[in-house]
Amino acid sequence: MATVVLVGTLDTKGAEYAWLRERVRELGCDTVLVDVGVGPPEVAADVSAEEVAEAGGASLQALRDAGDRGAAVTAMGEGAAIILAALDPVDAVLAVGGSGGSSIAARAVRDLPIGLPKLIVSTMASGDVSPYVGAKDVTLTYSVVDIAGVNRLSRLILGNAAAAAAGMAKAHALPEPAPDERPLVGASMFGVTTPAVDAARERLDELGYEVLVFHATGAGGRALEGLVESGLLAGVLDLTTTELADDLVGGVLSAGPDRLTAAGRRGVPQVVAPGALDMVNFGPRDTVPERFGQRLLHVHNPTVTLMRTTAEEMGELGRRMASKLAAATGPTALFVPLKGVSALDAPGMPFHDPVADVACFMALEEAPGAEMLDMHINDPEFGRTMADRLHRLISEGAQ
């Protein structure tokens with residue numbers, strides 16, 4: 001029978017978790033109730049708060065005596081993560097809570113494998129959810145009302161969550177299909193580099209790889225870096241490094257300063273290009289910061305406004321890329337498309353600016369393994385060339 005693990009603060013949400021536990025059982029699943037509260041529980045748990053605190057390297061009594069909510073949330077989150085990693089079976093995790101309970105639950109599920117269902121019903125799910133989701137497949141449901149008792153409205157929302165968790169758990173518990181034994185390759189893509197990635201993906205498929213494509217939206221780049229760290233990828237085709245521009249200039253799709261470092265640090269073969277470094281991303285036009293009012297802007301669609309990077313910014317991006325690639329411990333190649341780095345950077349397009357591009361390209365010449373190609377990034381041959389080189393680097397490393 002599939003098992004749903006319920007992770008909750010039973011000192012404040014005991015009635016809600018007792019109701020959830022019975023509903024999940026009615027739906028045909030076993031349950032394991034893990035208490036991550038620091039006060040006296042309202043219902044009995046299968047894994048006590050004392051056990052969770054100890055797993056997190058703390059004493060429950062000490063946490064109670066200190067009265068430091070932040071320290072308690074941190075300790076119980078760490079302990080819950082260790083408890084969940086040790087439980088078997090776990091076919092889904094379900095949690096409900098406010099900001100504190102959601103933070104504990106988010107930490108508890110952060111290290112669980114991709115594909116294991118993780119559902120959090122949260123009062124915080126209508127705003128910026130990146131602290132709770134991170135780069136994992138966490139499903140969030142907005143609670144609409146505060147989670148304070150089971151009432152006519154919360155019963156509907158919590159009931160849907162219980163049904164979703166039970167359904168996902170049952171599916172997760174089914175026998176796995178025969179695994180695809182092809183080596184995995186991660187690739188980065190944006191709408192303005194799609195033709196290049198499509199060509200590379202088709203070529204890699206011909207060569208016997210399974211390609212996982214990550215949308216370079218900040219979260220996508222972090223997910224790609226995380227998967228590299230997990231050791232699951234045979235290689236990385238990092239054609240779209242645009243998130244570096246958002247990190248430098250202050251756009252909304254930054255993947256943070258560690259973007260383009262995991263493959264180098266882990267020694268994973270990588271082939272890289274300066275894809276879409278010509279742009280910084282913002283939301284609707286009226287959300288672009290005032291300081292950029294005189295810059296070249298392009299309304300990509302009603303929710304995305306793009307800003308052309310300057311020659312100075314492009315030069316700095318080239319230097320940052322070169323520095324990151326120079327630190328790589330594994331096979332690395334860099335391909336530079338001299339005729340443009342995105343669909344908007346082609347001749348006749350809004351962001352075509354050879355002077356700015358050259359500032360980047362000159363800095364990239366200092367990168368190890370840099371090759372200048374007289375192509376546009378979206379020329380099919382450019383993507384195929386990157387794919388062939390990645391195949392060669394992976395094959396040489398396997399010998």
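As a basis for the values below, the full set of heavy atoms in this structure was taken, side chains included, without hydrogen atoms, waters or symmetry mates.
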TODO: Report yes or no: does E210 contribute a side-chain atom to a donor-acceptor pair with the main-chain N or O of R182 at less than 3.5 Å?
DONE: no
Open item on the list: When you compare the side chain of V129 with that of M124, does any pair of heavy atoms fall below 4.5 Å?
Closed with: no
Open item on the list: For D357 and K339: C-alpha separation, side-chain torsions, deciding distance, then whether salt bridge (Lys or Arg N to Asp or Glu O under 4.0 Å) applies.
Closed with: CA-CA 9 Å; D357 287 351; K339 292 186 176 179; over 6 Å; no
Task: Same cluster (ILVMFWY, side-chain, under 4.5 Å), V36 and I82 - done: no
TODO: Taking the side chain as every heavy atom from C-beta outward, state whether L277 and T241 have any atom pair closer than 4.5 Å.
DONE: yes
TODO: For the pair E206 and R203, evaluate salt bridge (Lys or Arg N to Asp or Glu O under 4.0 Å) and give the outcome as yes or no after the intermediate values.
DONE: CA-CA 5 Å; E206 292 172 0; R203 178 61 179 148; 3.0 Å; yes
Open item on the list: If hydrophobic clusters are built by linking Ile, Leu, Val, Met, Phe, Trp and Tyr wherever their side-chain heavy atoms come under 4.5 Å apart, do Y209 and L227 end up in the same one?
Closed with: no
TODO: May I ask you to decide if G330's main-chain N or O and T332's side chain share a donor-acceptor pair within less than 3.5 Å?
DONE: yes
- [ ] Without swapping roles, check the side chain of D379 against the backbone of F382 for a donor-acceptor pair under 3.5 Å.
- [x] no
- [ ] Keeping the roles fixed (side chain from E225, backbone from L260), state whether a donor-acceptor pair exists under 3.5 Å.
- [x] yes
Open item on the list: I'd like to know if the side chain of K170 and the backbone of L27 have a donor-acceptor N/O pair within less than 3.5 Å.
Closed with: yes
Open item on the list: If the condition is salt bridge (Lys or Arg N to Asp or Glu O under 4.0 Å), which residues does E229 pass it with, not counting sequence neighbours?
Closed with: R265
Task: Contacts of type salt bridge (Lys or Arg N to Asp or Glu O under 4.0 Å), residue R155, not counting sequence neighbours - done: none
- [ ] Determine whether more than 12 heavy atoms belonging to other residues, nucleotides or ligands lie under 6.0 Å from atom CZ of R69.
- [x] no
TODO: Determine, using the 4.5 Å side-chain heavy-atom cutoff (strictly less than), whether V192 and M386 are members of one ILVMFWY cluster.
DONE: no
- [ ] Check the pair D345, S342 against side-chain hydrogen bond (donor to acceptor under 3.5 Å, both in side chains), reporting the backbone distance first and the verdict last.
- [x] CA-CA 5 Å; D345 188 31; S342 84; 5.6 Å; no
Open item on the list: Any carboxylate oxygen within less than 4.0 angstrom of a Lys/Arg side-chain nitrogen, looking at D111 and K136?
Closed with: no
Task: Test item: V47 and V5 side chains (from C-beta on) under 4.5 Å apart, heavy atoms - done: no
TODO: Please test H391 against I394 for side-chain contact (heavy atoms from CB on, under 4.5 Å), starting from the C-alpha separation and ending with a verdict.
DONE: CA-CA 5 Å; H391 173 59; I394 293 172; 5.6 Å; no
- [ ] Check salt bridge (Lys or Arg N to Asp or Glu O under 4.0 Å) between R21 and all other residues, then give those that pass, not counting sequence neighbours.
- [x] none
TODO: For M372, look at atom CE and say whether over 12 heavy atoms of other residues, nucleotides or ligands are found less than 6.0 Å away.
DONE: yes
Task: Modelled atom types, side-chain donor and acceptor of D258 and T261, under 3.5 Å - done: no
Task: L244 vs L248 side-chain heavy atoms within contact, under 4.5 Å - done: no
TODO: Taking the side chain as every heavy atom from C-beta outward, state whether L325 and Q270 have any pair of such atoms under 4.5 Å apart.
DONE: yes
Task: Side-chain donor or acceptor of R222 paired with backbone N/O of S254 under 3.5 Å - done: yes
Open item on the list: Using only atom types and a distance under 3.5 Å, with no angle test, would you say the side chain of D278 pairs donor to acceptor with the backbone of R308?
Closed with: no
Task: Hydrophobic cluster identity match, L212 and L393, side-chain contacts under 4.5 Å - done: no
TODO: Sorted by first residue and then second, give each ring pair (Phe, Tyr, Trp, His ring centres under 6.0 Å) pair with at least one member in residues 247-306; sequence neighbours left out.
DONE: F282-F292
Open item on the list: Whether the side chain of T9 engages the backbone of T12 through a donor-acceptor N/O pair (distance < 3.5 Å, no angle test) should be reported.
Closed with: no
- [ ] Any pair with a residue in residues 24-39 that passes salt bridge (Lys or Arg N to Asp or Glu O under 4.0 Å), sequence neighbours left out, goes on the list, sorted by first then second residue, please.
- [x] E22-R25, R23-E26
Below 3.5 Å, can you tabulate the donor-acceptor pairs from side chains in residues 232-240 to any protein atom, sequence neighbours excluded?
| unit_1 | atom_1 | unit_2 | atom_2 | d |
| --- | --- | --- | --- | --- |
| D238 | OD1 | S188 | OG | 2.6 |
| D238 | OD1 | R259 | NH2 | 2.8 |
| D238 | OD2 | R259 | NH1 | 2.8 |
| D238 | OD2 | R259 | NH2 | 3.4 |
| T240 | OG1 | S188 | O | 2.9 |
| T240 | OG1 | T193 | OG1 | 2.8 |

Task: Side chain to side chain, E316 and R319, heavy atoms closer than 4.5 Å - done: yes
Task: Same apolar cluster: L317 and M307, side chain cutoff 4.5 Å - done: yes
- [ ] May I ask you to test the M321-L334 pair for a side-chain heavy-atom distance under 4.5 Å?
- [x] yes
- [ ] Test R320 against D247 for side-chain contact (heavy atoms from CB on, under 4.5 Å), laying out the working first.
- [x] CA-CA 11 Å; R320 290 189 178 192; D247 183 56; 3.9 Å; yes
Task: Test item: S122 side-chain N/O and Y142 main-chain N/O as donor-acceptor pair under 3.5 Å - done: no
Task: Side chains of M189 and F214 in contact at under 4.5 Å (non-hydrogen atoms) - done: no
